[in-house]
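This report refers to the structure that appears directly beneath it.
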Amino acid sequence: MRIKRSVPARPALITALALAAAGSLLLAPGPAGADPLPVTREGSAVDDRAAQAPASAARRALTADTATAAPTRSYPRRLTLSPDPENPGDKSLKLGLTPYHAIAPKLNALQRLGDRVSVEVTGRSAGGHRLYLVTVTAPETTRQARAQERMRELIENAPATAAKSREIKRDYKTPVFVNSNIHGNEWEGTDASLKVIEQLATAKDARTRDLLAHSRLYFNVTANPDGRIAGTRSNANGFDLNRDFVTASQPETRAMRQIELDTQPAVLLDLHGYVNGTLIEPTTPPHGENYEYDLFLKNSYANALGMESAVNALGYTPAKDGVEPAQIPFRDQEEGWDDWPPIFTPQYAAFHGTVAAHTVEIPLTVNNEEYDELPVPELRRRSAINTAVAGAAIRATLNHVREHRGTLITDQIEVFRRGAAGAAQVPVSPETVPGVPGIGPEDVYTTTFPRAYVIPPGGTRTQRSAPAAARLVDHLLANDVRVTRATRPFRLAGRTYPRGSYVVDLHQPKRGMANALLADGRDISGKVSVMYDISGWSLGSLWGATVERVPSGSLRGAPLRPVGGAAPVAHVPAHGDLRLRLTDPREIAALNSLLRQGVPVRRAADGSVIVPASARREARTAARTHDVSFTATRQSGTAPLHRLRVAAAVAPGELFALREMGFDVTPVSTSVLNAGFDWSGTDVLFVSAGLDRADLTEPARKALDAFLDGHGLVGRGAAGAALNAATGRLAVKPVEGNADANGVIRVRNSGGITRDAPARGFVYAPLWFTDPGPGVRVEQSYATGNPLVSGHWRPLRDGSGGPAAAAGQASVVSGYHTVLFGTEPLFRDHPKGEFPQVARALFTVAHSASVKESG
């Protein structure tokens with residue numbers, strides 16, 4: 001049971017302000033208050049169900065580009081949408097909500113209501129469905145629209161000037177972003193948004209006219225149409241999109257990211273379900289250390305009070321409706337629903353100038369077991385209440401924006417000003433954020449920004465980092481981080497860097513975004529007892545590039561030029577046989593493309609592969625396609641490689657990563673094997689989730705054992721270790737650490753599987769191996785001392801399962817056609833620098849009589 005903060009539940013001054021703001025736009029003020037309930041995590045962060053996503057969804061995610069912004073033009077912007085085929089299986093229908101196929105006709109009708117509503121398509125989902133952005137604002141000529149864009153750019157790029165601009169104070173329209181249905185089986189935000197859009201399109205009252213004259217309201221009507229249709233939390237690739245903002249691996253996330261970059265919202269709502277009473281951010285500690293939390297808390301708390309008042313004013317009660325009063329975790333809870341990682345929509349938005357951002361969890365559960373078990377009338381009663389609650393939250397937010405637009409824009413400008421000036425953060429306190437109750441030392445999270453980061457480009461001696469460096473630079477640019485490149489060698493803080501090095505100056509408006517992606521992060525194990533989701537995520541540590549933190553120094557006079565993209569890495573020598581290192585997922589993908597074409601590739605003793613000169617044309621295509629570099633070699637190679645066919649009982653992120661590296665993968669699970677699986681088309685089995693040998697039928701168990709008798713096994717985590725033990729392969733003892741532990745770790749690489757791998761890894765529910773028997777090789781170990789770099793990893797109550805117990809223990813072991821991982825080398829597209837370890841493991845167990853022979 002969570003413990004409430006011992007502070008007043010409703011400070012009189014703030015409540016009075018909130019009630020005044022909530023009294024317009026179709027809502028009257030009402031009593032506020034909450035009897036807080038425990039905050040519980042939305043299921044396990046460790047996915048133990050085997051992924052079944054179709055390969056087509058991965059292809060779309062890996063190739064789809066977000067719709068680029070059109071040239072500035074006037075509002076409204078008319079777009080007639082073609083209808084989608086009617087789908088009687090859409091899960092929204094049972095709830096009496098809007099099915100996906102009805103959204104396009106509805107949006108066409110809304111555009112016809114007047115001159116305030118515009119619709120655009122921002123891309124397509126992993127499942128191929130259109131993503132819609134609706135803009136509601138007073139009409140603008142092309143000249144007026146250009147003026148808005150100019151002011152928006154001034155706010156970000158010249159914040160000191162913007163702070164003094166009378167034009168911005170007078171004419172700039174406050175951008176507001178309402179994001180709905182990011183979790184597909186949390187439906188009602190979509191319907192609430194459609195209702196609010198319709199009301200705004202036709203309302204004649206002075207308050208609405210004033211709101212639209214001074215605001216642009218952006219509605220992402222359904223962020224996850226795949227999940228909306230299927231009734232799943234995830235998209236068609238099995239990804240939780242509200243965990244994807246650091247890596248943006250999915251097209252839906254990239255579309256949301258682009259909306260935020262293009263619109264620069266000052267206020268954001270992300271509509272979710274289901275917590276009773278309605279849960280309204282701001283959250284419990286720990287708080288994100290890379291954004292300007294004082295400004296974020298000030299504005300988010302004030303708007304939360306208005307939403308709380310509006311939701312409670314609907315009049316629903318526990319006795320009559322089963323609806324508890326709304327709650328604000330910052331005020332009402334001690335811990336358990338934090339805003340520490342930037343994987344969530346509101347926390348990511350804070351890096352782009354959003355100063356009031358909220359996850360709102362509407363109250364009554366209608367998904368999962370309730371969807372299947374409750375009668376339809378009860379489900380529809382709940383959905384109607386949820387839609388009303390979501391609508392109240394939207395309207396209260398719009399009222400707040402209308403009343404406080406000056407403060408919101410002033411504070412957004414200040415976010416960018418601090419970044420550009422390299423100013424220190426302002427710790428939260430009762431003095432710096434007056435009126436917000438209960439601020440204490442537990443809420444203070446700030447960081448010391450370095451002067452810059454340097455990312456060397458890679459070369460003959462550091463070739464491993466070249467594709468990784470290019471990928472990381474392009475990712476930074478995609479997140480609106482400014483990157484420069486050295487036109488000649490230069491010195492910084494007493495060190496010389498080569499020509500072509502990338503430099504990320506932390507004196508820039510979005511320094512928080514840059515630091516969140518590149519910094520190691522922090523070990524917060526001692527700060528709180530529980531975290532809501534991941535606690536460490538450093539792409540600077542995990543993507544395989546060399547990233548050097550420069551704490552201080554001057555960039556004045558450095559030979560640096562801004563870049564709009566990383567320099568191409570692709571290179572193929574004109575003569576001789578070719579060598580390709582396998583230290584990056586792009587190199588694995590290039591190898592698999594060559595094998596798919598039948599190119600005769602051989603392994604080299606150093607872990608690389610040799611491509612004959614006769615395949616130079618194919619190598620050039622692979623180099624361009626995957627942006628990798630081949631070098632000339634006189635090595636002849638050893639054993640030939642062949643195209644692998646992988647059966648995989650793995651989590652969604654792992655399946656996606658395997659396909660990203662170009663493997664031919666067939667998803668399997670306990671149920672798939674029990675239904676009868678033809679093993680004849682499989683070379684190797686990878687197991688980490690959803691396959692339990694004890695639950696197999698006798699025929700399925702015999703078929704699995706027969707396959708493993710002559711084929712390789714790669715296992716990860718408890719499920720992989722259990723199958724290894726059940727089939728008597730590697731003689732090791734798996735030890736499970738704290739299942740809630742996660743983060744970036746230090747490792748020591750010692751084998752062929754981990755050759756040239758980074759000295760950092762990632763864990764969630766870490767596992768290690770002890771008591772190795774004959775023939776077992778330790779490929780990698782947890783570092784001695786405290787292996788945790790950043791994240792949250794505590795021992796269990798009995799003292800076991802912590803980082804001290806894991807220190808020095810084996811994290812990856814191999815032998816007898818088997819490799820076992822205790823780390824998370826493919827987790828949610830985060831540790832790309834570790835991906836090649838899994839690829840090498842698959843090739844090794846499939847091609848060698850023993851792992852040890854692979855050297």
Side-chain angles (χ1 to χ4, degrees), residues 66 122 131 133 135 152 155-156 174-183 189 193 215-220 223-224 240-248 250 252-272 280-283 287-304 307 330 337-361 393-394 397-398 400-401 408-409 411-416 418-419 478-481 509-517 532-533 537:
T66 302
T122 60
L131 304 170
L133 177 67
T135 303
R152 183 192 67 77
I155 287 171
E156 177 188 345
T174 308
V176 181
F177 182 24
V178 179
N179 199 49
S180 299
N181 203 202
I182 191 171
H183 290 149
S193 291
S215 308
R216 280 184 183 174
L217 314 178
Y218 302 98
F219 294 84
N220 192 23
N224 184 1
D240 184 333
L241 301 175
N242 201 41
R243 306 293 186 271
D244 193 43
F245 279 95
V246 165
T247 54
Q250 301 302 297
E252 300 93 336
T253 316
R254 295 194 290 273
M256 287 181 276
R257 178 180 69 187
Q258 198 60 46
I259 292 170
E260 294 188 22
L261 298 186
D262 291 342
T263 66
Q264 203 165 283
V267 179
L268 179 144
L269 287 186
D270 200 29
L271 297 170
H272 288 253
I280 303 171
E281 192 171 338
T283 71
H287 309 296
E289 64 180 352
N290 287 297
Y291 54 88
E292 308 306 311
Y293 187 65
D294 62 314
L295 303 175
F296 185 91
L297 178 60
K298 164 192 168 184
N299 291 287
S300 296
Y301 190 80
N303 189 42
M307 285 191 278
F330 183 90
W337 204 53
D338 61 89
D339 58 5
W340 175 251
I343 58 176
F344 309 121
T345 316
Q347 281 56 63
Y348 179 79
F351 296 115
H352 298 295
T354 304
V355 293
H358 309 264
T359 294
V360 176
E361 300 274 355
I394 297 171
T397 295
L398 300 184
H400 184 84
V401 169
L408 292 165
I409 297 305
D411 287 347
Q412 182 179 78
I413 293 170
E414 175 63 8
V415 168
F416 296 137
R418 291 181 189 177
N479 283 277
D480 206 25
V481 173
K510 296 187 178 179
R511 66 173 178 184
M513 184 80 267
N515 207 53
L517 295 176
Y532 193 74
D533 204 86
W537 57 83

For [X], check side chain to side chain donor-acceptor pair (under 3.5 Å) against everything at least two apart and list the hits.
{"X": "Asp270", "value": "Asn179, His272, Thr345"}
{"X": "Asp480", "value": "Lys510"}
{"X": "Asn290", "value": "Asn515"}
{"X": "Tyr348", "value": "His352, Asn479"}

What is the distance from atom [atom1] of [X] to atom [atom2] of [Y], rounded to the nearest 0.5 Å?
{"X": "Asp411", "Y": "Phe416", "atom1": "CG", "atom2": "CZ", "result": "12.0 Å"}
{"X": "Asn220", "Y": "Leu131", "atom1": "CG", "atom2": "CG", "result": "7.0 Å"}
{"X": "Thr263", "Y": "Gln258", "atom1": "OG1", "atom2": "CD", "result": "9.5 Å"}
{"X": "Asn242", "Y": "Thr359", "atom1": "CG", "atom2": "OG1", "result": "6.0 Å"}
{"X": "Met256", "Y": "Leu133", "atom1": "CE", "atom2": "CG", "result": "12.0 Å"}
{"X": "Arg152", "Y": "Gln412", "atom1": "CZ", "atom2": "CD", "result": "9.5 Å"}

task: Apply the test side chain to side chain donor-acceptor pair (under 3.5 Å) to residues Asp240 and His183: give CA-CA distance (whole Å), side-chain angles for both, the deciding distance (0.1 Å), then the verdict.
output: CA-CA 7 Å; Asp240 184 333; His183 290 149; 2.7 Å; yes

Residues Met307, Leu269; criterion side-chain contact (heavy atoms from CB on, under 4.5 Å); working and verdict: CA-CA 11 Å; Met307 285 191 278; Leu269 287 186; 3.7 Å; yes

- prompt: Looking only at atom types and distance, does a side-chain atom of Arg216 sit under 3.5 Å from a main-chain N or O of Pro175, one as donor and one as acceptor?
  reply: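 Checking the backbone N and O of Pro175 against the side chain of Arg216, no donor-acceptor pair under 3.5 Å is found.
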
field: Flag, side chain of Asn299 to backbone of Leu295, donor-acceptor distance under 3.5 Å
entry: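 Such a contact is found between Asn299 side chain and Leu295 backbone.
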
Any side-chain heavy atom of [X] sitting closer than 4.5 Å to one from [Y]?
{"X": "Leu268", "Y": "Pro346", "answer": "yes"}
{"X": "Pro509", "Y": "Ile413", "answer": "no"}
{"X": "Phe219", "Y": "Val176", "answer": "no"}

query: Yes or no on side-chain contact (heavy atoms from CB on, under 4.5 Å) for Phe177 and Thr354, after CA distance, side-chain angles and deciding distance?
result: CA-CA 9 Å; Phe177 182 24; Thr354 304; over 6 Å; no

How close do [X] and [Y] get, heavy atom to heavy atom, and via which atoms?
{"X": "His287", "Y": "Trp340", "value": "O-CE3, 3.2 Å"}
{"X": "Ser180", "Y": "Leu271", "value": "OG-CD1, 3.7 Å"}
{"X": "Ile182", "Y": "Phe245", "value": "CD1-CE1, 4.0 Å"}
{"X": "Ala223", "Y": "Leu241", "value": "O-CD1, 3.8 Å"}
{"X": "Ile280", "Y": "Trp337", "value": "C-CZ3, 4.5 Å"}
{"X": "Pro282", "Y": "Ser300", "value": "CD-O, 3.8 Å"}

- request: Decide side-chain contact (heavy atoms from CB on, under 4.5 Å) for Phe296 and Glu281; before the verdict, give the C-alpha distance in whole Å, the side-chain angles of both, and the deciding distance to 0.1 Å.
  value: CA-CA 11 Å; Phe296 185 91; Glu281 192 171 338; 3.9 Å; yes

field: Carboxylate-amine/guanidinium proximity below 4.0 Å for Arg511 and Glu292
entry: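 Answer for the salt bridge query: yes.
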
query: Would you say the side-chain atoms of Thr283 and Asp338 include a donor-acceptor pair closer than 3.5 Å?
result: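 No, because no side-chain N or O of Thr283 sits under 3.5 Å from a partner of the opposite role on Asp338.
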
query: Checking side-chain contact (heavy atoms from CB on, under 4.5 Å) for the pair Ile394/Ser193: CA distance, chi angles, key distance, verdict?
result: CA-CA 8 Å; Ile394 297 171; Ser193 291; 3.8 Å; yes

Listed partners of Val246 passing side chain to side chain contact (heavy atoms under 4.5 Å, CB included), at least two apart: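 Val246 satisfies side chain to side chain contact (heavy atoms under 4.5 Å, CB included) with Pro342, Ile343, Leu517, Trp537, Leu539, His830 once adjacent residues are dropped.
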
task: Under the salt bridge (charged side-chain N to carboxylate O under 4.0 Å, His left out) rule, collect the residues that match up with Glu414, sequence neighbours excluded.
output: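 If we apply the salt bridge (charged side-chain N to carboxylate O under 4.0 Å, His left out) test to Glu414, skipping adjacent residues, the hits are Arg417, Arg418.
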
